[in-house]
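All values reported here derive from a predicted model rather than from experimental measurement.
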Amino acid sequence: MISLLKSLSASRKRSVLHAGFCFIVSGFAFAAIVGSQSVGMLEGLELAVYDRFMARTERAPDPRILILGINEWDIRDPVTGGWPLTDGKLAEALDILAKYKPAAIGLDLFRDLPIPNNGEQLAQLNRVLAENPNIIAITKFSDDDSPRIEGPAILKDNIERIGFNDFPVDPDKIIRRALLFLDDDDASYYSFALQLALLYLQPKGIFPSQPDEGDPDKIQIGKAVYQPFEPDDGGYVGADAGGYSFLMDFKGPEFFEKRSLVDLLTGKVKEEDVHGKIILIGSTAESLKDYYPSILRFRHYGIELHASVVNQLLRGAFDGEVPTQVQTDRAELLWILLWCIVGALTGLLGRSPARFVGTAIITFGVLSVTVFLLFKEGWWVISIAPALGWFFSALGVIAYLFVTEGREKKVIRNMFSTMVSPHVLQYMTDKPERFRLTGERKGATIFFSDIEGFTTIAESLIPEDLALVLNEYLTPMSTIILKYGGYIDKYEGDAIMADFGVPIWSETEPDSHGWKSCWAALEQQTELIEINRKIKEKFGFEIAVRMGINTGEVAAGNMGSEQKFQYTVMGDVVNQASRYEGANKIFGTQIMIGQSTYELAKDKIEARFLALLMVKGKTVPVAVYELLGRKGEITDEKLRLKDEFEKGWQLYASGQFPEAIFRFQEALRINYNDTPSQIYRKSCQQFLVTPPPPDWAGAWIQKQK
C-alpha cells in the first residue's frame, strides 16, 4: 500500500486514501451495528417496522370460518343462563351445531372442571363430545403464571381431539407468531388451530408430511412447506423458539364473521350459516379479558387469533402461501455491510449539507421501498440495522472530510484569495475535487500585459510615488480580470500574467475563457483612460499598456520547490502569449491575440488579421490578430479600415506589392495614424527594392521580445 501511494500523484493519493478510509469507516460502522444488533438493541425498532408493514397488508374475507362469540349480552341473557356457561347449556349449543354438519367445531372454552362443580350436567356434555368427533377442545401448557390446564376428561386418551391454545408472546407482550406443535414429557400435541384446519383438509386428502428427509424440521401441509422459527429470524434476537412456531401473516380478515351464542340458541343461526364451515366458540366479552395485544389491535380476542391461524393454514394448503420468509444470517450480514459501504460512498460524494440531506432522503426512500416491496413478496428483510449502518458510515466519512478538507480549503483560500473572484474562490473551496493542485493538462487562455517604457517611468519617480502609480494601475486592472473569471497568476513589476480557464471554469460554457479574456482586455483599455486621468493629475504623465492573449493546452498546477510553490501554468501557449504582448511594438497595436483565441472568441469580438508572425525562437509562423472591440460595437470607420487593411495584406502576402501599397494607402486615408498600415506600406516599398525570398509567404519574423 505504501509503495503504491508513493507511485501515485498527490490527487490520486488523496483519492486512494479517501477510498481506503471509506472502507475503514464502513468496517467500524458494520462492527458497531452488528454488535448492537447482537445484544438486542435494535430488536424493538426492527419489530416496529415489521408491525407497520404487517398492518398495511391487504386482507381478504374467509367464508369458511364462523365465530360464535360469547359477548357481554350473552353472559347476561337468561337464555344462556349467565356466566360461567354450564355444561348443559354448552351441550345444548353443541347439539344444535352438530345437526347443521359443520366441518369442524373448535371449543375455545376450558372444560377441565365440571360446571356446575357438582357435575350434574357433565354427562350431557360428555355425550355430545363423544358423539361428535369433529369437536376439538383445548388444553393449555403450564407457564410462569399458571399450571397446566387439561382438556375434558372424556377426551384424555383421544389426543387428536385436543389442541393447545398457547401462543408464543414476544418480550413486548405482542403476539406475532403461532405454534403448530408443542411437546411435554409424555407426548407431542397439535395446536388448536392446526387440529381444526386438518379436520377441514383431511376429507380433501391433505395431511401433514415431511417433504425433505434430509431436513426433518420441514413440515408440508398441502401446497405450503413450513420451516420452524429460529431465535434470530428477521429482526428477532435470541427469541424464545420453543415448540414449532411460525410467523403469522394476518392476511385473513381482521374481523371474522361473528354470530352470538344467543343467536344460536334462539334459532337465528341457520344451517346454511354453519354447514361445511369451521366454527369457533369462544369469548368476545371484554369483561372476560380473553384478549391479547397483536400487530393489528391492542385487544385481539383469543378466538379471533385462532381463526387467523386457521385461515393462514388453509391458504397455505390450498394456495401455497407460506409464512413470511427471512434472510439467512450470512445474507443479513452482507445486507448490512452493503448499506454501510453505500453510506460511506454517500458521505464521500455528498459533501455539501444540501446534497447530503437530499441523498439521505433518496437513500432512505430506496431502502424503505425495497424492504416494503420485498415484504409484499413474502420476505422480511431488516431495515433499521442497514439504515443506521448507512447513517453512521456517511457521518464518519463526512467528519473525516470536514477535518481533512477543512485544511485543504484553508490552503486554497490562502493561496487564491487575492487571485480569483470571491465567487470562484467559494466554488473552489466548496468543491476542491473539481480541480487539482498537483498538475493537469487543461485548455486555457493566457493573458499578459505590460506598461510601455515603464523602466524610464520608474527611473523618474521616487519609490513611494512609483508604488502609488503601480497601485493606481494594478488594482482596477486586477478587478476587471477577476470580474471575468480570470486567475491572477503573477505580478512582475508593472506586468500582469492572468489565466482564464484555470483553476476551474464553467461547465456550461467550457470555451468561454477565450472571449472573456478578450473582453477583460478591452475593458482594461477603457479603464486605462480614467487611470491616466488620475495619474496625469498627480504625476504629469500618462501610460500605455500592451496586451497579449493566446489559447491552448497548458500544464496547470503547483510549481516550485517543497519549500515554496505557486499554482501556475506552463507550456508553449504561455510563451507565445508573452511574445504577442511584446510583438505589439512591431505594429503599434495595444492588444494582440493568437489564431486559437480568435477562433474561440470570434462570435463575440471584432478583430483584424494582423500578420503571420514567427515569434522569436519559433520556425513556424502563426496568425495573429489585433483585438478591436466587442462584436457589433465598433464604428463603421474601423470596419472599413479593417477591410482595406486585410485586402492589402492578402496582396502583400502574394507578392503584389504595388497593389498592396494602394490598399494600405486607402486604409490610411480612413485613419492616417493606423500604424499597421504604415508598417506594411513601408515593408512593401522595401520589397520593391529588395524582393523577399522565393518561398516567402507573408510571414513577419519577430526579432526581439
Under 4.5 Å between any side-chain heavy atoms of [X] and [Y], yes or no?
{"X": "Ile535", "Y": "Phe541", "value": "yes"}
{"X": "Leu388", "Y": "Ile384", "value": "yes"}
{"X": "Tyr484", "Y": "Phe500", "value": "yes"}
{"X": "Met477", "Y": "Ile531", "value": "yes"}
{"X": "Gln576", "Y": "Val622", "value": "yes"}
{"X": "Tyr580", "Y": "Ile549", "value": "no"}
{"X": "Ile341", "Y": "Trp390", "value": "no"}
{"X": "Phe539", "Y": "Leu468", "value": "yes"}

Checking [X] side chain against [Y] main chain: does a donor-acceptor pair fall under 3.5 Å?
{"X": "Ser517", "Y": "Gly514", "result": "yes"}
{"X": "Trp519", "Y": "Lys604", "result": "yes"}
{"X": "Glu606", "Y": "Leu639", "result": "no"}
{"X": "Thr635", "Y": "Lys638", "result": "yes"}
{"X": "Asn532", "Y": "Glu542", "result": "no"}
{"X": "Ser393", "Y": "Cys340", "result": "yes"}
{"X": "Ser460", "Y": "Ile457", "result": "yes"}
{"X": "Glu527", "Y": "Pro476", "result": "no"}
{"X": "Thr526", "Y": "Leu522", "result": "yes"}

Nearest non-hydrogen partners of [X] and [Y], listed with the distance:
{"X": "Cys518", "Y": "Ile593", "value": "SG-CG2, 4.3 Å"}
{"X": "Ser449", "Y": "Met547", "value": "CB-CG, 3.8 Å"}
{"X": "Asn550", "Y": "Ser596", "value": "OD1-OG, 3.4 Å"}
{"X": "Ile634", "Y": "Gly629", "value": "CG2-CA, 3.8 Å"}
{"X": "Val569", "Y": "Asp489", "value": "N-OD2, 3.5 Å"}
{"X": "Gly501", "Y": "Lys442", "value": "O-NZ, 3.6 Å"}

Test side chain to side chain contact (heavy atoms under 4.5 Å, CB included) applied to Glu452 and Ile543, step by step: CA-CA 7 Å; Glu452 296 180 22; Ile543 59 176; over 6 Å; no

Ser677 and Tyr672: side chain donor to acceptor below 3.5 Å: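 Per modelled atom types, Ser677 and Tyr672 side chains form no pair under 3.5 Å.
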
Option passing side-chain contact (heavy atoms from CB on, under 4.5 Å) with Glu626 (candidates Ile591, Leu610, Asn584):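 Output: one option passes, namely Leu610.
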
Which distance, rounded to the nearest 0.5 Å, do you find between the [atom1] of [X] and the [atom2] of [Y]?
{"X": "Ile481", "Y": "Lys483", "atom1": "CD1", "atom2": "NZ", "result": "12.5 Å"}
{"X": "Leu337", "Y": "Ile33", "atom1": "CG", "atom2": "CD1", "result": "12.0 Å"}
{"X": "Ile586", "Y": "Trp700", "atom1": "CD1", "atom2": "CH2", "result": "7.5 Å"}
{"X": "Leu42", "Y": "Ser36", "atom1": "CG", "atom2": "OG", "result": "5.5 Å"}
{"X": "Ile24", "Y": "Phe28", "atom1": "CD1", "atom2": "CZ", "result": "7.5 Å"}
{"X": "Phe448", "Y": "Met497", "atom1": "CZ", "atom2": "CE", "result": "4.5 Å"}

Ring center gap for Phe645 and Tyr680 short of 6.0 angstrom: yes

Audit row: Trp696, Phe687, ring-ring contact (aromatic ring centres under 6.0 Å, His included) steps and yes/no: CA-CA 11 Å; Trp696 179 83; Phe687 280 142; 5.0 Å; yes

I'd like a table of donor-acceptor pairs (distance under 3.5 Å, sequence neighbours excluded) in which one partner is a side-chain atom from residues 651-660, with atom names and distances.
residue : atom : partner : partner atom : Å
Tyr652  : OH   : Ser683  : OG           : 3.2
Ser654  : OG   : Gln650  : O            : 3.1
Ser654  : OG   : Leu651  : O            : 3.0
Ser654  : OG   : Gln656  : NE2          : 3.0

Step-by-step salt bridge (charged side-chain N to carboxylate O under 4.0 Å, His left out) determination, Arg681 to Asp674: CA-CA 11 Å; Arg681 182 181 64 177; Asp674 183 50; over 6 Å; no

Under a 4.0 Å N-O cut-off, is there an ion pair linking [X] with [Y]?
{"X": "Lys516", "Y": "Glu523", "answer": "no"}
{"X": "Lys647", "Y": "Glu644", "answer": "no"}
{"X": "Glu537", "Y": "Lys534", "answer": "no"}

Pair Tyr491-Ile496, side chain to side chain contact (heavy atoms under 4.5 Å, CB included): steps then yes or no: CA-CA 5 Å; Tyr491 299 108; Ile496 301 174; 4.0 Å; yes

Check against side chain to side chain contact (heavy atoms under 4.5 Å, CB included), Arg640 and Asp636: CA-CA 6 Å; Arg640 292 200 314 274; Asp636 291 340; 4.3 Å; yes

Other residues, nucleotides, ligands: >12 heavy atoms within 6.0 Å of Lys631 NZ: yes

Check against side chain to side chain contact (heavy atoms under 4.5 Å, CB included), Arg608 and Leu641: CA-CA 9 Å; Arg608 70 166 160 177; Leu641 174 63; 4.2 Å; yes

Salt bridge (charged side-chain N to carboxylate O under 4.0 Å, His left out) evaluation trace for Arg663 with Glu666: CA-CA 5 Å; Arg663 286 298 176 187; Glu666 288 297 309; 5.9 Å; no

